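Notes for the one structure printed next.
All figures in this text were calculated on a predicted structure; none of them were measured in a lab.
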Amino acid sequence: MASIMEHLKKQIEENKKGVQLAIGGIVITLGVGSVIWMGTRENAYSVIVNGEVVAVVKTKEEVKKAYEQVVTSLKEELGVDIAVNEKIELEAIHSKQSELSQYEALVEGLDQAISYQVEAYEILVDGESYAIVSTSDEANHVLEDIAKSYLPTVDQLTLCQAEVKTGESTDQEIKLLEEQGEGSVEVVQIEEALPQEEVSNVVHVDSFEVQPEEASVEAGQKIRRSVESFDFNEEVIVRNVYVNQDTILDEAQAEEELLQAKHEIVDYALVEGDNVWDLAMQYDTTPERIMELNPDIEDQTTMQIGQVIKLEKASPILSITTVEEATFKQLIPAEIQYVEFSHLYAGETQVYQEGSDGLKEITVAVTKVNGEEVSREAISEKVLSEPVIKVIGYGVKEKPAEDVVVKSNGSSNLIHPLKGAGYISSTYGSRWGGFHKGIDFAASSGTPIYASAGGKVIYSGYNSGGYGNLVIIEHSDGYQTYYAHCSRLYVNVGDSVSQGERIAGVGTTGDSTGNHLHFEVRRNGTPVNPSNYL
């Protein structure tokens, strides 16, 4: 029994020694492990920009503070908000105290490592970016200036901004509103005995009227106009963006960009009277460019009505359509009645009764795009005074053989209005039981018409009295020349033209049975035989 007890006691003591060793082993192991962990644990952060370490810091708070200091300093220096391009990364590392960066070095490292974009405002037209300026006020000024350049004189123009939410950003859709103020007043002289129009009268803007002050005008009629409605035809948005500084324009540069023309290729179906030269002038291009766009056209003289060709059309980036209500006075040319006088020789005329032009008042709605008229619609018409018929006697008596035609020296040396093109299809004098007041020169559509003599254009437009598209040029000594039935008009009222200058193209507008130029010479309002002057 004693031996057993001693054996057990011995075994227990041995077991205790074994546990203690084991425990000692664990302690030793844990101790070694603790030393190893203490030597490699993450106790700092590498600050990384674009893959490069710019500093090593103890805490994240240091980086946040330094970053805010750098950004705040840049904002104050630039005077605008900025957006940093790079992401700043922090990597947990183990570092010795001696390897940690000083705060000033951290700030300097961040300042040198980051790049940024500045806050700006982008002007988009129909979704396409055309200009970037520094502030929303500058964007608004640019759009206001462009709008004012297209509109009649107004006292004040403002932009109404409608906020449109787009994700996290805010866009501003620009609408134009004209504030109440005086319209413009201009003076236009009424030319004597000419169907020339003048714009006048009061028109209103939106729901209120613009009443210009009355101006004291001794001659002519007061012209008053303003805009009933207007807006940019395109969708215009000003959007907040962050961009590189070198892409920002000043106001003058932004206006220049937005006032540029954009070019697009359009299909055009040829109509009667069209030719390459007129289309080039109409579309502000060259005949060579038209032929370049249409290589299938081998001979430009064989193009057919209805044929579709390509044209390069220039149009403004920004455009404004305005609708103006205008009232003007228009002369009603007196009719001329011809009576056969047996005592006058053939080709001679004599005024039997002096006539006088009438006067009517017309009110129209004029639609303009960027100040250029594109259409007008008649609203009302009132006759103020009726015209009085002018009666002219013409001779049928045969001239003696010895008689000769005496050339006039008042407005002599007129040149052929087509410079010899075409042929005479109808002469001056008796025709079809009536009297033909000029000479008809038959020629192909579009043939250039030239000023027979130098002078001032006093009428250029459509005449409903049978002349169709008509140009009247006033010369010295009471002489006038008429160019009727034109397909195109290249001059405007008030233009001074020189002899031989192109003024129109041959056509068949008005009362006409074919392409020709009806050419008249009048002296003191009375038609005379053009043959005596050519």
Least distance between heavy atoms, Val323 atom then Ala365 atom:
CG1-CB, 4.5 Å

Heavy atoms of other groups near Gln307 CD, more than 12 under 6.0 Å
yes

Assess the side chains of Ser319 and Glu234: does a donor N or O sit below 3.5 Å from an acceptor N or O?
yes

Indicate yes or no: does Arg239 engage Glu122 in a salt bridge with an N to O separation below 4.0 Å.
yes

Atom pair CG/CG of Leu359 and Leu331 - distance to nearest 0.5 Å
5.5 Å

Using atom types as modelled and distance alone, determine if a side-chain donor or acceptor of Thr447 lies under 3.5 Å from a backbone N or O of Ser444.
yes

May I have the step-by-step check of side-chain contact (heavy atoms from CB on, under 4.5 Å) for Tyr130 and Ile317, ending in yes or no?
CA-CA 9 Å; Tyr130 283 96; Ile317 294 170; 3.5 Å; yes

So OG1 of Thr135 and CD of Glu251: to nearest 0.5 Å the spacing works out to 7.0 Å

Is the NZ or CZ atom of Arg522 both under 6.0 Å from the centre of the six-membered ring of Tyr482 and within 45° of that ring's axis?
yes

cation_pi(Lys419, Tyr450) dist<6.0 Å, angle<=45:
yes

In terms of the angle between their ring planes, are Tyr428 and Phe435 parallel, tilted or perpendicular, with boundaries placed at 30° and 60°?
perpendicular

Within a strict 4.5 Å, meaning less than it, do heavy atoms of the Tyr533 and Ser452 side chains meet?
no

Rounded to the nearest 0.5 Å, what's the gap from NZ on Lys360 to CD on Gln330? Could you check?
5.0 Å

Could you tell me which non-hydrogen atom of Ser460 sits nearest to which non-hydrogen atom of Val491, and how far apart they are?
OG-O, 2.6 Å

Count the heavy atoms belonging to other residues, nucleotides or ligands that lie under 6.0 Å from CD of Glu292, then report whether that count exceeds 12.
yes

Asn469 side chain to Arg488 main-chain N or O, any donor-acceptor pair under 3.5 Å?
no

Decide yes or no on side-chain contact (heavy atoms from CB on, under 4.5 Å) for Ile415 and Leu534, but give the supporting numbers first.
CA-CA 6 Å; Ile415 67 169; Leu534 292 173; over 6 Å; no

Separation between SG (Cys486) and CG (Asn463), nearest 0.5 Å, reads 11.0 Å

In terms of side-chain heavy atoms, does Asn233 have a donor or acceptor partner in Thr321 at a distance below 3.5 Å?
yes

Would you say Ile503 and Tyr483 make side-chain contact, with heavy atoms under 4.5 Å?
yes

Is Asp267 paired with Lys310 through a side-chain N to carboxylate O contact shorter than 4.0 Å?
yes

Kindly say whether Ile389 contributes a backbone atom to a donor-acceptor pair with the side chain of Gln353 at under 3.5 angstrom?
yes

Side-chain contact test, heavy atoms from C-beta onward, threshold under 4.5 Å: evaluate it for Ile439 versus Ser426 and give yes or no.
no

N/O donor-acceptor pair under 3.5 Å between His516 side chain and Val506 backbone:
no

Expected output: side-chain Thr508 to main-chain Gly514 donor-acceptor under 3.5 Å
yes

Tell me if the OH atom of Tyr423 is crowded by more than 12 foreign heavy atoms within 6.0 Å.
no

Looking only at atom types and distance, does a side-chain atom of His475 sit under 3.5 Å from a main-chain N or O of Gly454, one as donor and one as acceptor?
yes

Are there over 12 heavy-atom neighbours, none belonging to Asp284, within less than 6.0 Å of that residue's CG?
no

Atom pair CD/OG of Glu474 and Ser496 - distance to nearest 0.5 Å:
11.0 Å

Where do Ala378 and Val364 come nearest, in terms of heavy atoms and distance?
CA-CG1, 3.9 Å

Within the side chain of Asn294, is there an N or O that forms a donor-acceptor pair under 3.5 Å with the backbone of Ile297?
no

So His518 and His436, would you call those rings parallel, tilted or perpendicular, with 30° and 60° as cut-offs?
perpendicular

Check the pair Leu279 / Tyr268 against side-chain contact (heavy atoms from CB on, under 4.5 Å), numbers first and verdict last.
CA-CA 10 Å; Leu279 289 173; Tyr268 177 84; 3.7 Å; yes

Please assess Ile424 against Phe441 for the test side-chain contact (heavy atoms from CB on, under 4.5 Å), listing each intermediate value before the final yes or no.
CA-CA 5 Å; Ile424 295 177; Phe441 296 96; 3.7 Å; yes

Quick one: does Glu501's side chain have a donor or acceptor within less than 3.5 Å of a partner on Ser498's backbone?
yes

Do Val521 and Asn529 have side-chain heavy atoms sitting under 4.5 Å apart?
no

Would you mind reporting whether Ile123 and Leu258 have side-chain heavy atoms less than 4.5 Å apart?
yes

Examine the side chains of Ser356 and Lys390 and answer whether a donor and an acceptor come within less than 3.5 Å of each other.
no

I'd like to check Leu414 versus Tyr479 (side-chain heavy atoms, cut-off strictly below 4.5 Å). Are they in contact?
no

Arg289/Glu312 ion pair, N-O < 4.0 Å:
yes

Looking only at atom types and distance, does a side-chain atom of His141 sit under 3.5 Å from a main-chain N or O of Ala139, one as donor and one as acceptor?
no

Could you tell me the separation between the OG atom of Ser531 and the CZ atom of Phe519, rounded to the nearest 0.5 Å?
9.5 Å

Is any side-chain heavy atom of Gln304 closer than 4.5 Å to one of Leu270?
no

Give a yes or no on whether the backbone of Asp250 and the side-chain of Gln253 come within a donor-acceptor separation of less than 3.5 Å.
yes

Would a 4.5 Å heavy-atom cut-off, applied to side chains only, mark Ile309 and Leu311 as touching?
yes

Lys382 atom NZ, neighbour heavy-atom count above 12 within 6.0 Å
no

Can you give me the closest heavy-atom contact between Gly438 and Pro530, atom names plus distance?
CA-CG, 4.3 Å

